[in-house]
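For reference, the structure discussed in these notes is given below.
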Amino acid sequence: MQWHTINEFFAMGGYGLYVWGSFGVCALTMIVEPILIRHRRKNALRNICIND
Amino acid sequence: MINWFKYSSPSSFYPLAGRLIPVFWMLAAILGAIGLYIGFFIAPTDAQQGEGYRIIFIHVPASWMSMFIYCVMAFWSLMGLTFNTRLSGMMTSALAPTGALFAFLSLWTGALWGKPMWGAWWVWDARLTSELILFFLYLGYMALHAAIDDPRRADRAGALLSLVGVVNVPIIYFSVKWWNTLHQGASVSLTRSPSMASTMLWGMLIMALAFWAYTIAVALMRARTIMLEREATSEWVKHLPDVKEIA
């Protein structure tokens with residue numbers, strides 16, 4: 001392993017902004033997408049109940 | 001012999017998808033954890049790019065997925081136009097937003113990689129430009145589909161768009177060969193051994209599998225929701241246990 005301290009890990013050899021900017025946005029969108037679908041599903045289920 | 005056409009009807013596809021979703025979420029989480037561990041803790045520092053190259057572990061899998069999802073959409077579109085099955089259009093529209101997300105992530109991570117390595121967030125290079133077109137094709141599909149009220153007509157129009165647009169996928173793939181690009185050539189190819197350390201390659205491949213599992217899980221979730229929306233008045237939907245729970 002090439003990291004000796006946690007700070008070194010977050011610094012990413014000076015590329016921290018770019019590396020974490022990439023992984024951060026990737027993680028965020030992949031968390032938000034299923035939440036949005038859940039929301040859409042709940043709405044769909046509610047509409048079925050209203051129409052019944 | 002599995003009767004595939006049985007699952008092309010939403011009423012039998014819906015419960016099957018429901019059972020598969022947690023399996024693919026588990027796979028995505030496990031593979032993602034392994035891939036990230038390899039990517040950050042096992043893969044060595046790159047000789048030329050230092051730690052900045054670690055963006056590869058999401059950039060390449062996201063780019064692959066963006067192209068692959070479009071091909072799957074084109075496949076479903078062809079099936080839809082040929083057999084006129086309801087499921088095809090639902091699957092195509094279930095995949096489009098996730099494909100758009102991966103195309104966006106490919107461009108976003110590419111920009112964050114390009115800035116420190118090339119000195120530019122963006123260049124009008126053949127690879128970058130064709131990937132941007134792919135992103136617009138996804139958005140175009142979604143806009144076209146949303147603009148037509150009748151879902152079956154929207155499916156047919158969208159199917160045509162995705163079939164025409166699929167020519168862009170080989171253009172993206174071969175762009176680094178056909179044109180002089182700033183973007184580097186393929187790191188992984190079928191005809192020669194990969195030009196990277198094996199731990200880097202493994203990290204990338206496992207992340208790609210994690211993205212696959214994620215895509216399947218999310219696309220199935222969205223497909224199920226689309227079924228509920230479109231078939232809200234049909235008997236099978238009214239008798240679903242999910243609906244009874246809410247009522």
Side-chain angles (χ1 to χ4, degrees), chain A, chain B residues 21 25 28 32 36 39-46 49-59 61-62 94 97-98 101-102 104-105 108-117 210-211 214 217-219 221-222 224-233 237-238 240 242-247:
Chain A
M1 194 162 72
Q2 55 278 17
W3 322 106
H4 303 290
T5 63
I6 188 97
N7 285 336
E8 226 177 277
F9 179 70
F10 285 116
M12 278 290 145
Y15 294 107
L17 173 71
Y18 306 106
V19 173
W20 299 121
S22 298
F23 281 83
V25 168
C26 184
L28 186 74
T29 51
M30 286 172 123
I31 291 165
V32 169
E33 192 188 12
I35 293 174
L36 289 177
I37 300 173
R38 257 182 107 94
H39 188 74
R40 185 173 162 185
R41 175 180 158 84
K42 284 208 179 106
N43 277 340
L45 286 170
R46 207 170 298 133
N47 281 337
I48 294 165
C49 295
I50 293 167
N51 290 337
D52 241 4
Chain B
I21 289 166
W25 274 124
L36 287 174
F40 280 113
F41 298 107
I42 296 179
T45 306
D46 187 73
Q49 305 196 351
E51 311 298 350
Y53 91 94
R54 290 182 199 278
I55 295 171
I56 202 173
F57 295 113
I58 44 175
H59 177 70
T98 308
L101 170 65
F102 280 119
F104 163 75
L105 284 175
W108 175 264
T109 57
L112 283 167
W113 200 358
K115 184 64 184 168
M117 303 305 165
F211 280 19
Y214 170 86
V218 166
M221 279 172 77
R222 195 181 282 111
R224 267 162 58 102
T225 305
I226 291 172
M227 284 169 191
L228 291 177
E229 289 169 356
R230 287 211 203 165
E231 315 234 326
T233 52
V237 167
K238 283 179 189 159
L240 281 175
D242 316 16
V243 176
K244 285 180 184 148
E245 262 169 49
I246 272 203

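Since the structure is predicted, the reported quantities are computational estimates derived from the model, not experimental observations. Order of the sequence lines sets the chain letters (A, B, ...), proteins ahead of strands, with each chain counted from 1.
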Heavy-atom side-chain contact between [X] and [Y] under 4.5 Å:
X: A/Arg41; Y: B/Met221; value: no
X: B/Lys115; Y: A/Tyr15; value: no
X: B/Glu229; Y: A/Asn47; value: no
X: A/Tyr18; Y: B/Met117; value: no

Measuring heavy-atom distances to chain A, does [X] have an atom under 4.5 Å in its side chain, in its backbone, in both, or in neither?
X: B/Trp25; value: side chain
X: B/Ala217; value: neither
X: B/Leu101; value: side chain
X: B/Thr233; value: neither
X: B/Tyr53; value: neither
X: B/Met227; value: neither
X: B/Leu240; value: neither

Any chance you could measure [X], atom [atom1], to [Y], atom [atom2], to the nearest 0.5 Å?
X: B/Phe104; Y: A/Thr29; atom1: CZ; atom2: OG1; result: 7.0 Å
X: A/Ile37; Y: B/Thr98; atom1: CD1; atom2: OG1; result: 6.0 Å
X: B/Phe102; Y: A/Cys26; atom1: CZ; atom2: SG; result: 7.0 Å
X: A/Ser22; Y: B/Phe57; atom1: OG; atom2: CZ; result: 12.5 Å
X: B/Leu228; Y: A/Arg46; atom1: CG; atom2: CZ; result: 13.0 Å
X: A/Phe23; Y: B/Leu105; atom1: CZ; atom2: CG; result: 11.5 Å

Task: Partner chain A: residue of B/Ala232, B/Ala62, B/Pro44, B/Gly52 with the largest heavy-atom pair count (under 4.5 Å) - done: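 Of B/Ala232, B/Ala62, B/Pro44, B/Gly52, B/Gly52 has the most heavy-atom pairs under 4.5 Å with chain A.
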TODO: Determine, step by step, whether B/Phe40 and A/Met12 satisfy the side chain to side chain contact (heavy atoms under 4.5 Å, CB included) criterion, reporting the C-alpha distance in whole Å, the side-chain angles of both residues, the deciding distance to 0.1 Å, and the verdict.
DONE: CA-CA 10 Å; B/Phe40 280 113; A/Met12 278 290 145; 3.3 Å; yes
Task: Heavy-atom pair count under 4.5 Å with chain B, highest-scoring of A/Ala11, A/Gly21, A/Gly13 - done: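 Heavy-atom pairs under 4.5 Å are most numerous for A/Gly21.
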Task: Greatest number of heavy atom pairs closer than 4.5 Å to chain B - which of A/Leu17, A/Leu36, A/Val19, A/Asn43 - done: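 Ranked by heavy-atom pairs under 4.5 Å with chain B, first place is A/Val19.
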